[in-house]
**Q** 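Below is one structure. I have some questions about it.
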Amino acid sequence: MSKYEPKEIESKWRERYEEKKLFQADRDTGRKKFFLTVPVIYPNGFLHVGHLYTWTRADIYARYMRMRGYNVLFPQSWHFTGGPLVGMQLKIKNGDQKVIKDLQDSGISEKEIDDFKRSPLNIGTFFTKNLKKDLSAAGMSIDWRRTFSISNSPYFSKFVSWQFNRLRDAGLITQNTHPVIWCPREDTPLGDHDRASGEGESPEEFSVIKFKHEGMVLPAATLRPETVFGATNIWVSRKGGYKKVELEDGEKWIVSESFSNKMKYQLIKLKKVEDFDVGSLIGKRAENPVTGESIPILAEDFVDPSITTGVVMSVPMHAPFDYIGWEKVKEEDEKMYKKPKKVIEVNGEGEIIQEVIRVYGKNTSGLREATKALYKKEFNSGVMNSSADGLDGMSVKEAKLKIVDMLKEKAAYAVIYETSGEVICRCGARGVVNLLENQWFIRYSDKELKEKAIKAVENMEIFPEEARAQLLNFVYNVEDKAAARQGGLGTPLPWDKDWLIEPLSDSTLYMAYYTIAHILERLNISEVDDELFDQVFLGKEIKHKLATEVKLMRDEFEYWYPLDLRVTAKELLTNHIVFFIMNHIALLPKDKWPKRLGINGWVTMDSIKMSKSKGNTLTIRKAVEEYGADGSRLIASGSNGMDDVDWSSDNIKALYQRMELLMDVLEAKEGFGQESRLIDRYLASMKESIIERTTAEIEKMNYRNSLFNSFFQATDILKSYLEFGGRNWSEIEGFISVVLKLNHPFFPYITEELNRRMGNVTLLEEGGWPDTPGTGIDILIENEVQVLKNTVSDIRNLMKLLKITPKEVRIGISDEAAFSVYNAIVEASKNTRDIKEIRKALPAESETVKKLLKSPDKIPQSNLAFKYEFDLFTQSKEYLENTFKAKVTVEVEHEGKALPGKPSIRLS
RNA sequence: GCAGAGGUAGCGAAGCGGUCAAACGCGUAAGGCUUAGGACCUUAUGGCUUAGGCCUUCGAGGGUUCGAAUCCCUCCCUCUGCACCA
């Protein structure tokens, strides 16, 4: 048994590839080009095999296209923009043990960690260096000469500035307010990764309805303003302090102390703040601005003064908490407390409020669930009833919009923001919503841009096809995107240097930058300006000081662009991919728009998505160490489309085992000869069939199907060939050589090694993809081998059934006449399954005809050949005798049980 | 709710109008190989069956067809996304 040692062999080939600079792609107008990219990497940790999945999918395509003769450019770069690197630096500096321990655990030295404290860039450069090593070790055929770091390259910053200036020229930049979650202590935006808890929470818009009480406003915050018709009372809390605040316009609001502190973040300016005894309100009454009703003000424990205003309107029939509250107070004060009424009807539901409370229970978490369920139900299928004066018969969705107008008209409406759940900063402070003023947006909502984008997506090639509908939906719904922020790393907005362009917005067009990076970054930075980029990317007349270089870059861009394939995981479909497409459309002419997308799912480990936060990662480094690059790359064949795939080391073992089978065959070369048999045709035919199928699948990035054919099927077929007595070395050699080529994109090293062991001197890169005219495909022999396999299994069945071990197996093959009847029936049945019709096509009635036409729906669709069937069985006698340890005779049967494709079997 | 995907043997997963009782893999069982175990190889794995047969299956129910896991209708269920977070 020849054991394969990935480590040595892989590094041997890697060195050779590097020496020969096989992955460096230069402009070559004599060759067709293929340009593909994967997203830039955020270098704040090691990559895991979840990432490897995406990269390998791209690399396979790169290698495939290279074998097809294309000049393939596959570059890779880094993304430093935003908060994570800065955040990590701060955490290390502050001695965050978890972060430090993680770094130590992944083998990073104290000296390096110390280095990280000094600058976030040190972290980035450390990881870029190491990640580059890991990706190369995993066999990525990347041209590293064109690499850059977004937010760590002044040249790239010039490029982004140019991009934003041009977006602004096109009227696609606008300014507006924008809510973000904010740490009031550190006075910075509070991104997910900076949170001790509350990951995924986002700002939520609340309506404030102004209830009036003695010249003061009780601002009740709600997500469901349409239920105001059913308000029975106002709740406040006894737990927190309240304030009376005076707004700029003179309105006096009673709000919780906590809210009074947050109002400045919501751009509500306060003239005066004074303590207020909320107890003095209890039992008093407030006026509902919509209905004019006077309702009591009561205290209730479930009101949390730290959320929104600390003032809540009670709508018992539409809010489980309120319902429970009402049940408590209704006895006490019957006369001041009117009976609650329903204002929303849900078709087919009766007392829905009681129902949800019954189902979910009366404890706090139950009521929370009940609230969610009720909101969902009423929002989606609720209709306002006659208690909602003016909105009667309107769906809740409509009513929600309408009530806002009504409230505005009565000057009883305001908007505030609150976090959708509790967010705690790592510094310990509770996050608030900050309504940022003058935030810069990219206007992705622009109608013309959207229309173009939709057309572009419709015309793009997308693998898998399912992703298209989703993507169209996202493009259709995309809104303006806040494009700049304060803090972190990034390129300043060219016209407003206080703002830094945020990570999703500075990485929409960088694929174009790859085409020129290696030239641009050699120039004198002070000479790199907007005109230069206009001339390179937009084809403006070249009259730059650096005209020679500009011309060079223009040529590069013209040669390499458009981007032929973008490969990403599915989570980027909703944001990055949309922005990427729209920026291309906004800035570049149509012939430079992206052509193809490849979307994939995630990698799971025991069915849980692999991610750093879940702690179930296997780094690329470790995977390659343990399983070899080829073995690790097997992950790419996990799925055809966007399905998630599970990391399985069992499959990797199976891969190497099968590869070793090929090695064994190669080593046994001396045992084979030139003897030519019928089964050779089978191997030759299957070789071409496999080429055809594999090519069709790999072309569409259906790697699961592709590998199934090119490797697992192929090795099975070779096994069958040998079993059935195939001995022709040149057939075997030709077959294995094709198998190696077809699998080279997946497993570059081991295929390269085996190719060498076959005595081939040329590298597979130069060998080319094994195209086939398909003329060698002989479907008859493929069918007949199947007949042989079926017959073997039938014999086994019979032996079991009869409980005998035969001394002799006699196999009867139908005569030639029967085969021509059979084929005539097959042909005829392609047009009709009407037995009478089929009979018409046959020369004469016979036993064979009768048997074959017994059940017309069972007539196979494949033709058979007498000569093949007879010869195949005859030539396989040795194999059959070995298998059954019995004498085997094969004879032609003129009258008997035998049917074409179903030889008769007699055991004795 | 909207949008997308999907429900197939113990499990994972193909098949998407006709050799389908359903590829392939895992699991399980038997045999071989081994001192033994593992690995590996072979075979079996819906039910019944002493000559290759029959019966019931592809979420449920209807329909179209000579023929349906595959097409159409209705229903039930599951998963993913609905953003400004990288």
Side-chain angles (χ1 to χ4, degrees), chain A residues 1 39 42 44 79 81-84 178-181 189-193 195 199-203 376-377 379-382 395-397 439 441-442 444 464 466-474 476-483 485 488 502-505 507 570-576 578-579 601-602 607 639-646 648 650-651 653-654 657 660 704-705 708 712-713 716 783 786-787 790-791 793-804 826 829-830 832-838 855-862 864 883 897 901-907:
Chain A
M1 192 71 175
Y42 211 101
N44 66 337
H79 204 193
T81 315
H178 180 62
V180 296
I181 295 188
L190 189 43
D192 263 347
H193 31 263
R195 298 177 190 176
E199 227 179 282
E201 303 293 352
S202 54
K376 205 172 159 183
K377 190 127 208 163
F379 178 70
N380 289 318
S381 35
S395 75
V396 168
K397 282 177 204 172
Q439 169 73 264
F441 287 83
I442 302 177
Y444 291 120
E466 302 94 271
R468 188 190 307 275
Q470 285 186 50
L471 183 56
L472 277 173
N473 199 251
F474 297 136
Y476 193 78
N477 289 314
V478 69
E479 284 171 19
D480 295 348
K481 156 92 181 128
R485 53 151 77 175
E502 62 82 44
L504 278 169
S505 300
S507 57
K570 62 185 171 187
E571 76 266 31
L572 294 182
L573 201 56
T574 57
N575 42 52
H576 165 75
V578 175
F579 305 146
W602 356 91
S607 302
S639 148
N640 287 321
M642 291 191 292
D643 291 343
D644 299 342
V645 304
D646 210 58
S648 155
D650 286 356
N651 293 345
K653 259 184 256 157
Q657 257 163 36
E660 281 166 7
R704 187 191 171 96
N705 291 355
F708 177 75
F712 294 99
Q713 282 281 70
D716 274 353
N783 291 341
Q786 196 53 49
V787 169
N790 293 153
T791 306
S793 135
D794 279 347
I795 296 173
R796 280 210 180 92
N797 266 334
L798 279 177
M799 285 165 56
K800 208 171 77 179
L801 223 51
L802 298 172
K803 298 194 178 72
I804 60 167
V826 169
S829 69
K830 282 176 185 159
T832 175
R833 291 283 164 154
D834 187 331
I835 298 179
K836 276 183 235 139
E837 287 298 310
I838 294 173
S855 40
D857 54 308
K858 290 249 161 69
I859 298 168
Q861 286 179 309
S862 43
L864 294 170
T883 304
K897 289 195 92 155
K902 194 101 184 147
S904 70
I905 300 162
R906 268 164 298 166
L907 306 180

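Just so we're on the same page: letters track the sequence lines, and every chain starts at 1.
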**Q** I'd like to know if A:E479 reaches the base of B:rA83 with its side chain, counting only an N/O donor and acceptor under 3.5 Å.
**A**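 Between B:rA83 and A:E479, which were checked side chain against base, a qualifying N/O pair under 3.5 Å is present.
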**Q** Can you figure out which of B:rG81, B:rA39, B:rC85 approaches the side chain of A:N575 most closely?
**A** B:rC85
**Q** Sugar-phosphate atoms are those with a prime plus P, OP1 and OP2; base atoms are the rest. Using that split, label each nucleotide of nucleotides 49-57 of chain B B, S or - for protein heavy atoms under 4.0 Å, 5' to 3'.
**A** BSBB-----
**Q** What integer number of Å spans the P atoms of B:rA5 and B:rC73?
**A** 15 Å
**Q** Whole-Å distance between B:rC26 P and A:K653 NZ?
**A** 11 Å
**Q** Which atoms form the tightest heavy-atom contact between A:G82 and A:P503, and what is the distance?
**A** CA-CG, 3.9 Å
**Q** Determine whether A:V826 and A:S862 make a side-chain contact, defined as any pair of heavy atoms from C-beta on separated by less than 4.5 Å.
**A**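 Result no, sub-4.5 Å side-chain heavy-atom pair not found.
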**Q** When the C1' atoms of B:rA13 and B:rC41 are considered, how many whole Å apart are they?
**A**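 Roughly 25 Å separates the two C1' atoms.
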**Q** Any chance you could encode RNA chain B as dot-bracket? Rule is Watson-Crick or G-U wobble with both distances under 3.5 Å; [ ] for pairs crossing earlier ones, | for another strand.
**A** ((((((((.[[[..)..(.....]]]((((((.......))))))(((....)))...[[[[[..)....]]]]])))))))....
**Q** Calculate the interatomic distance between A:F441 atom CZ and B:rC84 atom P; express it in whole Å.
**A** 12 Å
**Q** For nucleotides B:rG32 and B:rC24, find the distance between their C1' atoms and express it as a whole number of Å.
**A** 24 Å
**Q** Any idea which of B:rU19, B:rC84, B:rA5 is nearest the A:H178 side chain?
**A** B:rC84
**Q** If I compare all heavy atoms of A:G601 with all of A:D644, which pair ends up nearest, and what's the gap?
**A**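 Nearest pair, atom of A:G601 first, then A:D644: CA-OD1, 3.7 Å.
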**Q** Do you know the tightest heavy-atom contact between A:L471 and A:L573?
**A** CD1-O, 3.8 Å
**Q** Measuring from A:T574:OG1 to A:N477:CG, what's the distance to the nearest 0.5 Å?
**A** 12.0 Å
**Q** Could you tell me the separation between the CG atom of A:N790 and the P atom of B:rA23, rounded to a whole number of Å?
**A** 12 Å
**Q** Take A:V478 and A:M642, find for each the nucleotide of RNA chain B with the closest heavy atom, and name the residue whose nucleotide sits nearer the 5' end.
**A** A:M642
**Q** Heavy atoms under 4.0 Å, any strand shown: does A:N477 hit a base, just sugar-phosphate, or nothing?
**A** base
**Q** With P as the reference atom in both, quote the distance from B:rA44 to B:rA23 in angstrom, rounded to an integer.
**A**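 Comparing P positions in B:rA44 and B:rA23 gives a spacing of 12 Å.
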**Q** Taking only the side-chain heavy atoms of A:R704 (C-beta and beyond), determine which of B:rA13, B:rG4, B:rC85 contains the nearest atom.
**A** B:rA13
**Q** Over how many whole Å does the gap from A:F474 atom CZ to B:rC84 atom C1' extend?
**A** 14 Å
**Q** Compare the minimum distances between each of B:rU19, B:rC85, B:rA13 and the side chain of A:S862, then state the nucleotide with the smallest one.
**A** B:rU19
**Q** Rounded to whole Å, how long is the line connecting atom CD1 of A:I181 with atom P of B:rC85?
**A** 7 Å
**Q** Search all heavy atoms of A:P903 against all heavy atoms of A:T791 and return the closest pair with its distance.
**A** CD-OG1, 3.5 Å
**Q** Are side-chain heavy atoms of A:I442 and A:S505 found at a separation under 4.5 Å?
**A**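 Yes, side chains in contact.
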**Q** Would you classify A:F712 as touching base, sugar-phosphate or nothing, given that sugar-phosphate means primed atoms plus P, OP1 and OP2, and contacts are heavy atoms under 4.0 Å?
**A**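 Touches nothing.
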**Q** Indicate whether OP1 or OP2 belonging to B:rU80 is found under 4.0 Å from a side-chain N or O atom of A:Q470.
**A**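 False: A:Q470 side-chain N/O out of range (4.0 Å or more) of B:rU80 OP1/OP2.
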**Q** Parallel, tilted or perpendicular: which one describes the rings of A:F441 and A:H178, with boundaries at 30° and 60°?
**A** perpendicular
**Q** For the side chain of A:E466, counting heavy atoms from C-beta on, which of B:rA5, B:rC84, B:rA83 is nearest?
**A** B:rA5
**Q** Can you tell me, in whole Å, how much space there is between the P of B:rG46 and that of B:rA22?
**A**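 About 10 Å, rounded to a whole number of Å.
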**Q** What's the CD-C1' distance between A:Q439 and B:rC84, to the nearest Å?
**A** 10 Å
**Q** Is there side-chain contact between A:N575 and A:K481, with heavy atoms separated by less than 4.5 Å?
**A**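 When only atoms from C-beta onward are counted, A:K481 and A:N575 do not touch, as no gap falls below 4.5 Å.
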**Q** What is the distance, rounded to the nearest whole Å, between atom CG of A:D643 and atom C1' of B:rU78?
**A** 14 Å
**Q** Any side-chain heavy atom of A:K570 sitting closer than 4.5 Å to one from A:Q470?
**A**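 Side-chain contact under 4.5 Å: no.
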**Q** Check every strand shown and say whether A:V578 touches a base, only sugar-phosphate, or nothing at a heavy-atom separation below 4.0 Å.
**A** nothing
**Q** Using a cut-off of 4.0 Å on non-hydrogen atoms, how would the nucleic acid contact of A:F708 be classed: base, sugar-phosphate, or nothing?
**A**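 Base, at least one base atom sits under 4.0 Å.
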**Q** Expressed in whole Å, how much space separates the P atoms belonging to B:rG59 and B:rU8?
**A**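 Here B:rG59 and B:rU8 have their P atoms 6 Å from each other.
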**Q** Taking the nucleotide of RNA chain B with the closest heavy atom to each, which residue, A:L864 or A:K481, is nearer the 5' end?
**A** A:L864
**Q** Which part of the nucleic acid, if any, lies within contact of A:D716, taking any heavy atom under 4.0 Å across all strands shown: a base, the sugar-phosphate backbone alone, or nothing?
**A** nothing
**Q** To the nearest angstrom, how far is A:L573 atom CG from B:rC82 atom P?
**A**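 From A:L573 CG to B:rC82 P: 11 Å.
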**Q** If the C1' atom of B:rU80 is compared with that of B:rG31, how far apart are they to the nearest Å?
**A**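 After rounding to an integer number of Å, I get 47 Å for this pair.
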**Q** Side-chain contact test, heavy atoms from C-beta onward, threshold under 4.5 Å: evaluate it for A:H576 versus A:L504 and give yes or no.
**A**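 Yes - at least one pair of side-chain heavy atoms lies under 4.5 Å apart.
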**Q** If you define the side chain from C-beta out and look only at heavy atoms, does anything of A:R906 sit under 4.5 Å from A:L798?
**A** no
**Q** Quantified in whole Å, what is the P atom distance between nucleotide B:rA68 and nucleotide B:rA60?
**A**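 Per the computed distance, 16 Å lies between those P atoms.
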